[in-house]
Structure formats: C-alpha cells, structure tokens
Trainee: 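Take a look at this one; I'll ask things after.
What you see is a predicted model; the values in this text were computed from it and never measured. All ligand and atom numbering here is 1-based and tracks the order in the structure.
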Amino acid sequence: MTTTEVPAAMRAAVDAAKERVAALHAELPRWELVVWTAGNVSERVPGTDGHPDLFVIKPSGVSYDELDAEAMVVCDLDGNLVEGTRNPSSDTAAHAYVYRHMDHVNGVVHTHSTYAAAWAARGEEIPCVLTMMADEFGGPVPVGPFAIIGDDSIGRGIVETLTGHRSPAVLMQNHGPFTIGKDAKAAVKAAVLLEEVARAVHVSRQLGEPLPIPQDAIDSLYARYQNVYGQR
Ligand SMILES: O=C(CO)[C@@H](O)[C@@H](O)COP(=O)(O)O
C-alpha cells in the first residue's frame with residue numbers, strides 16, 4: 001500500500017519527529033561533523049492503524065540554518081516523497097533501504113566528518129584500541145563497500161556490513177560514515193563519538209602502534225555501557 005499523504009492517525013507522531021529531526025540537524029555543525037550541507041539525519045515514524053511506516057528527513061541541499069520542523073520532508077520506505085515542498089535528501093534511498101531491512105533501526109545519520117572520512121578513504125576499519133570504542137561500538141568500526149549514490153547500492157552496503165555487527169557506524173569506502181540507532185538521537189550520538197575516536201586513533205598512530213584491547217575487556221565494557229551507564 002502506498003501513502004500519498006500523512007494519515008491522520010500518524011499526524012501527531014510525524015510532527016513530533018519533524019521537531020526532533022530538525023533539532024538534531026543542528027547538532028551536526030555544532031559538533032563539527034559537516035561542512036556546508038554535507039550531512040543528513042532521519043527518523044522512522046512507525047505506521048499505525050494499518051498504515052505503513054514513514055520517515056522524516058531533511059530536504060536536499062538546504063542550509064542547516066534553515067532546517068526547522070516545517071522544512072523537514074516525509075517519505076515512505078521506498079523513498080517516495082509523501083509530504084514536503086522540496087526534494088528530500090540525496091541520500092534518501094540509502095536511509096529508506098536501511099529502514100526496510102533493519103526493523104530495529106529507527107534513526108540514520110550520514111556525514112562526511114573529516115577523520116572518519118579519512119579512514120573511509122583508505123578503506124581501513126578503525127581498530128578497537130580505546131575504551132570509548134568498546135563502549136559505543138563494541139569493537140572495531142567496519143568499512144562498507146564503495147558505492148555510488150543514486151540507487152540502493154549505498155543502503156545495501158550499510159545493511160550488509162552492519163547486520164549482525166555490534167557497531168552502529170560503518171565507514172563507506174571512499175565516501176564517509178553512516179550511523180544507525182534506536183532513534184535519530186542515538187544515531188547522531190554514534191556519529192559524534194565516531195568522529196572523536198577516528199581522530200584519537202589517527203593521532204595515536206602518528207606516534208606509534210596503538211595497543212589492542214583484549215576481547216573479553218571489550219565485551220565487558222560494551223555490556224556495561226549499553227546496559228548500566230548513565231541515568232537509568
Ligand atoms: O555526499 C553527498 C552527495 O554526494 C550527500 O550526502 C551530501 O551532499 C548531503 O546531501 P543532501 O543535502 O542531504 O541531499
């Protein structure tokens with residue numbers, strides 16, 4: 001069933017998602033993860049009353065200064081525009097593919113953050129040599145295949161790389177990072193922490209060979225951070 005407009009039963013949820021996704025786009029320049037318009041955030045809106053899922057994403061090529069809730073666009077999980085006056089992000093197909101094939105994912109982020117993109121340019125995974133990596137990524141940050149924007153190639157590469165992998169981040173070769181999360185905020189957090197560890201491990205390698213963390217310690221750190229850390 002295709003959706004040509006936001007169902008009344010989903011209106012409130014879509015509007016709330018627009019507010020969240022608009023606010024989260026401001027986090028990308030805030031944490032220096034983007035230049036110009038080179039990054040995007042989306043969040044799934046689960047279908048209700050028999051209607052299919054939708055997702056909210058930014059319009060393509062629009063300055064972050066202009067990205068308020070009203071500017072956000074709504075798409076179906078095939079990437080078709082359902083609501084909005086401007087073209088959706090050029091990465092909409094990739095976000096849509098992830099939502100179609102990873103039911104537990106409700107947030108997707110793409111940036112070209114400098115240090116993560118530098119690892120992607122080499123097609124080299126970031127080794128798990130920092131406790132922050134064990135905490136958030138549960139091990140190394142993997143590399144996905146080189147894929148040209150414009151069809152399902154990028155989305156397929158994200159899904160094939162991250163399915164069954166602890167990491168919420170993938171370095172798409174020669175392109176840059178994509179992150180996923182239980183919601184858009186979690187995906188933005190993964191993008192922020194990814195750039196931090198990409199930078200730290202890069203700096204460390206300028207001075208020598210970073211020391212790997214034993215797997216049992218990685219497992220223990222990951223379990224603590226994912227299940228105990230913070231306010232419960
Ligand atoms: O990398 C690319 C285009 O090659 C995009 O991710 C980036 O420019 C952001 O595009 P959008 O403004 O989201 O359409």
Trainee: Tell me, which protein residue and heavy-atom name are nearest atom 7 (C) of ligand 1, and how many Å apart are they?
Mentor: A38 CA, 3.9 Å

Trainee: Taking 4.0 angstrom as the limit, do R100 and D152 come out as a salt bridge?
Mentor: yes

Trainee: Output yes when E136 and K189 qualify as a salt bridge under the 4.0 Å nitrogen-oxygen rule, no when they do not.
Mentor: yes

Trainee: Show which atoms of ligand 1 fall inside a sub-4.0 Å distance from at least one heavy-atom site of H175.
Mentor: 1 (O)

Trainee: Does E32, at its CD atom, have more than 12 non-hydrogen atoms belonging to other residues, nucleotides or ligands within less than 6.0 Å?
Mentor: no

Trainee: Among all protein heavy atoms, pick the one closest to atom 11 (P) of ligand 1 and tell me residue, atom and distance.
Mentor: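 Protein heavy atom with the smallest distance to atom 11 (P) of ligand 1: S90 OG, 3.6 Å.
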
Trainee: Just which atoms of ligand 1 are under 4.0 Å from any heavy atom in N40?
Mentor: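 What qualifies from ligand 1 is 6 (O), 9 (C), 13 (O).
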
Trainee: Between E43 and K182, does any side-chain N to carboxylate O distance fall below 4.0 Å?
Mentor: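 Answer for the salt bridge query: no.
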
Trainee: For atom 9 (C) of ligand 1, which protein heavy atom lies nearest, and how many Å away is it?
Mentor: T37 O, 3.5 Å

Trainee: If you measure from the Lys or Arg side-chain nitrogens to the Asp or Glu carboxylate oxygens, is any gap between K58 and D91 under 4.0 Å?
Mentor: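 Looking at D91 together with K58, the answer is no, because their closest N to O distance does not fall below 4.0 Å.
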
Trainee: Identify the closest protein heavy atom to atom 2 (C) of ligand 1: which residue and atom is it, and at what distance?
Mentor: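 Here the nearest protein heavy atom works out to H112 NE2, 3.7 Å.
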
Trainee: Any atoms of ligand 1 less than 4.0 Å from a non-hydrogen atom of S60? List them with their elements.
Mentor: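 Contacts of ligand 1 toward S60, numbered from 1: 11 (P), 12 (O), 14 (O).
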
Trainee: Regarding ligand 1, does P88 bring an N or O atom to under 3.5 Å of one of the ligand's N or O atoms?
Mentor: no

Trainee: Would you mind checking which non-hydrogen protein atom is closest to atom 12 (O) of ligand 1, with the distance to 0.1 Å?
Mentor: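 Scanning the protein heavy atoms, the shortest distance from atom 12 (O) of ligand 1 goes to G61 N, 2.8 Å.
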
Trainee: Run down the list V62, I149, V34 and name the one with the heavy atom closest to atom 3 (C) of ligand 1.
Mentor: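 Heavy atom nearest to atom 3 (C) of ligand 1 belongs to I149.
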
Trainee: I need the atoms of ligand 1 closer than 4.0 Å to a non-hydrogen atom of H110, numbered in the order shown.
Mentor: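 Near H110, the atoms of ligand 1 are 1 (O), 6 (O).
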
Trainee: Which heavy atom of the protein is the closest neighbour of atom 13 (O) of ligand 1, given with residue, atom name and distance?
Mentor: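 Ranked first by proximity to atom 13 (O) of ligand 1 is S89 OG, 2.7 Å.
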
Trainee: Between the side chain of S220 and the main-chain N/O of D216, is any donor-acceptor distance below 3.5 Å?
Mentor: no

Trainee: Hey, does the side chain of H25 reach the backbone of V21 with a donor-acceptor pair shorter than 3.5 angstrom?
Mentor: yes

Trainee: Name the option, out of V35, T92, D91, I154, that contains the heavy atom nearest to atom 5 (C) of ligand 1.
Mentor: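 Selected option, by shortest heavy-atom distance: D91.
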
Trainee: With a 6.0 Å cut-off on ring centres, are H110 and H95 close enough?
Mentor: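 So the answer is no for these two rings.
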
Trainee: When rounded to the nearest 0.5 angstrom, what distance separates OH in Y115 from CD1 in I126?
Mentor: 12.5 Å

